[in-house]
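Hydrogens, waters and symmetry mates play no part in the numbers below; they use all other heavy atoms, side chains included. These numbers come from a predicted model, not from an experiment.
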Amino acid sequence: MKNLVHGIKEKIPMGFCDVPRQTLLDFFRDMKSISVPKEPRYKPLKKIHQAASEGAIKKLQRMIKLGKHSMHDRDFKERTALHFACVYDWEEVVNVLLRNNCDNDAFDRNSITPLMKAVQNWSYGCMCTLLKHGANPNCIDKNGNTSLHYAVSEDNQKLAEYLLKYNADMEQKNKDGFTPLLLALKENKIEMAKFLVKKGANIHVFDKMKRNTLLYAIRWDSTDMVSLLLDEGIDFFFKDVFGWTALRYAIEGTSKGSRKILMDYEVKLHIKNKDGSPEYKNSEDNSLAKHHNDPNSGSTLPKSSEDDGDFDDKPSSSQHAPAKCPSNLGGAGDQRDKNEAKGTVTESVKKYPNLKTPNEMNDLTPNKCLEVKDEGTLNSSKSSTPIILERRS
């Protein structure tokens, strides 16, 4: 990972993790919105709409019986009396309208149905009545949202659970590419997200930027959700359109709790796959298995100018060295270096019979280079063929 050295972090694509944290003022504002019912924004203009908004059942029945006003009358926003009854939470009015064969899936100008308005305004009784009379929970508005999206946005598990009983689609994506689960995580509705996961929602979904559920859980540093997704088998090495993994977002961002969970999880994966399975090796591009210390703990990660996903220290090669120095470093991945060193020494011994082997060089100082001159020119000071051998402790 580039630039993650000496405390310098990379700029997160599109400021994904730079989300505003809730202040005390935001908390009190949220509490007020919960305790004080929302004032409906629908203002009825037609008489039958006014009767539905006021819950005037007898007046409404008389209008329908006389035929002077129709249940299908619409205002300038294409709203029907059923829309107004659901907005103002008049369950009995909804019953009257449905018994008179009104359209229970009528669309307004924004393709919003009465069921969506009932969910949006927490009208539980109206919602239940509509579903029992055959209202479709999977109708979509102009933005691709279903009634379940509305329930998720309102963070109301009771409404969501009842919609699921009537086969509400948990995998429907809106125009921004969000399923109800992904929308819950985007809007920091963590309890709702847990509820949907337990109900069987697909955890592997992602939006148009290929940001999946794990990335959104990290965005809010929800350790419970991160752990749940890992337990459910989320793809730990999944990358978004910028090539960033969840672990990389956690390290570059401020999600300290999620960062520790992901680092510990990667260490477990590394131990579990120490047999070197190709599937694991191909997925290690942005991993930090060999550097699993917290960057904030004082340790630093090496900077690499060659590969974004390479975190291993690479020995620097001198441009003046005529031959490679065999490595005696221990650790994972050294077999290739040992074989290369063995081949180099073998070739040198064949060419220079008087060259000492590494075992015969124990008395030499580490990191010193041995210069061996051609046998035919030992007494000559004009030409020499140096062989550079480097011993490392």
Side-chain angles (χ1 to χ4, degrees), residues 22 26-42 52-53 55 82-98 104-106 112-141 143-174 178-203 205 213 216-217 220 222 224-225 228-229 232:
Q22 189 180 47
D26 295 330
F27 173 77
F28 284 117
R29 188 182 295 115
D30 292 342
M31 292 300 297
K32 181 180 178 181
S33 65
I34 293 174
S35 59
V36 179
K38 297 179 181 178
E39 185 68 25
R41 291 174 294 176
Y42 274 23
S53 302
L82 191 57
H83 282 93
F84 285 97
C86 291
V87 167
Y88 287 88
D89 194 16
W90 293 109
E91 183 179 354
E92 187 57 36
V93 173
V94 171
N95 271 310
V96 170
L97 293 171
L98 291 174
N104 55 9
D105 286 326
I112 296 176
T113 64
L115 180 61
M116 293 175 188
K117 297 311 300 183
V119 172
Q120 191 177 32
N121 289 276
W122 296 39
S123 303
Y124 184 75
C126 295
M127 180 195 70
C128 295
T129 303
L130 286 166
L131 289 171
K132 289 176 182 178
H133 282 80
N136 185 2
N138 296 317
C139 290
I140 59 174
D141 65 10
N143 294 315
N145 296 303
T146 65
S147 296
L148 187 57
H149 283 93
Y150 279 89
V152 167
S153 185
E154 293 296 325
D155 201 13
N156 192 318
Q157 290 186 31
K158 184 179 180 181
L159 297 176
E161 186 169 16
Y162 201 83
L163 286 166
L164 291 175
K165 288 182 179 179
Y166 283 84
N167 301 316
D169 188 1
M170 287 193 291
E171 308 308 328
Q172 175 66 44
K173 288 189 175 185
N174 60 19
F178 292 97
T179 63
L181 172 59
L182 208 54
L183 180 66
L185 290 170
K186 176 181 178 289
E187 296 186 355
N188 198 20
K189 309 289 195 311
I190 303 301
E191 293 303 318
M192 174 63 76
K194 292 179 185 177
F195 165 77
L196 291 172
V197 170
K198 291 177 182 178
K199 288 292 183 179
N202 181 16
I203 64 172
V205 293
T213 53
Y216 278 100
W220 300 105
S222 174
D224 290 345
M225 195 67 206
L228 177 60
L229 292 172
E232 292 290 327

Could you go through Val205 and Thr213, starting from their C-alpha distance and side-chain angles, then the distance that decides it, and tell me whether this counts as side chain to side chain contact (heavy atoms under 4.5 Å, CB included)? CA-CA 7 Å; Val205 293; Thr213 53; 4.1 Å; yes
Listed by chain and number, what are the side-chain contact (heavy atoms from CB on, under 4.5 Å) partners of Asn167, not counting sequence neighbours? none
Short question: side chain of His149, backbone of Ile140 - any donor-acceptor pair under 3.5 Å? no
Which heavy atom in Leu148 sits nearest to a heavy atom in Pro180, and how many Å separate them? CD2-CG, 3.8 Å
With no hydrogens and no angle check, do the side chains of Tyr150 and Asp141 hold a donor and an acceptor under 3.5 Å apart? yes
To the nearest 0.5 angstrom, please state how far the CG atom of Asp224 sits from the CG atom of Leu229. 11.0 Å
Please report the closest heavy-atom contact between Ala106 and Pro114, naming both atoms and the distance. O-CD, 3.2 Å
Please identify each residue that fulfils side-chain hydrogen bond (donor to acceptor under 3.5 Å, both in side chains) with Thr179, with sequence neighbours left out. none
If you define the side chain from C-beta out and look only at heavy atoms, does anything of Lys132 sit under 4.5 Å from Tyr166? yes
Heavy-atom distance under 4.5 Å between the side chains of Val119 and Asn156, does that happen here? no
Side chains of Asn145 and Asn174 only: does a donor on one sit below 3.5 Å from an acceptor on the other? yes
Starting from the C-alpha separation in whole Å, work towards a yes-or-no answer on side chain to side chain contact (heavy atoms under 4.5 Å, CB included) for Cys139 and Met116. CA-CA 9 Å; Cys139 290; Met116 293 175 188; 4.2 Å; yes
Compare every heavy atom of Asp105 with every heavy atom of Ala135, then report the nearest pair and how far apart it is. CA-OD1, 3.6 Å
Determine the minimum heavy-atom distance between Trp90 and Ala52, stating which atoms define it. CD1-O, 3.3 Å
Lys199: which residues meet the salt bridge (Lys or Arg N to Asp or Glu O under 4.0 Å) condition with it, sequence neighbours left out? Glu161
side-chain contact (heavy atoms from CB on, under 4.5 Å) involving Lys189 - partner list, sequence neighbours excluded: Asp155, Ala184, Glu187, Met192
Kindly compute the distance separating CG (Leu163) from SG (Cys128), expressed to the nearest 0.5 Å. 9.0 Å
What pairs with Asn95 under side-chain contact (heavy atoms from CB on, under 4.5 Å), at least two apart in sequence or on another chain? Glu91, Glu92, Arg99, Thr129, His133
Would you indicate whether the side-chain heavy atoms of Leu115 and Asn136 approach each other to under 4.5 Å? no
Reported CH2-to-CD1 distance for the pair Trp220 and Ile190, which is rounded to 0.5 angstrom: 8.5 Å
I'd like to know whether Asn104 forms a side chain to side chain contact (heavy atoms under 4.5 Å, CB included) with Leu97, so could you lay out the CA-CA distance, the side-chain angles of the two residues, the decisive distance to 0.1 Å, and finally the verdict. CA-CA 9 Å; Asn104 55 9; Leu97 293 171; over 6 Å; no
Going by heavy atoms in the side chains, are Met225 and Leu185 under 4.5 Å from each other? yes
Rounded to the nearest 0.5 Å, what separates atom CG in Leu98 from atom CG in Leu130? 5.5 Å
Kindly write out the residues that satisfy salt bridge (Lys or Arg N to Asp or Glu O under 4.0 Å) with Glu171, not counting sequence neighbours, or none if the list is empty. none
May I ask you to decide if Ser123's main-chain N or O and Asn121's side chain share a donor-acceptor pair within less than 3.5 Å? no
Side chain to side chain contact (heavy atoms under 4.5 Å, CB included) for Leu181 and Met170? Distances and angles first, verdict last. CA-CA 7 Å; Leu181 172 59; Met170 287 193 291; over 6 Å; no
Separation between OG (Ser147) and CD1 (Ile112), nearest 0.5 Å, reads 10.0 Å
Would you say Glu154 and Leu159 make side-chain contact, with heavy atoms under 4.5 Å? no
Quick one: closest heavy-atom pair of Cys126 and Ala85, and the distance? SG-O, 4.1 Å
Over all atoms of both residues, closest heavy-atom pair of Pro137 and Leu131: CB-CD2, 4.2 Å
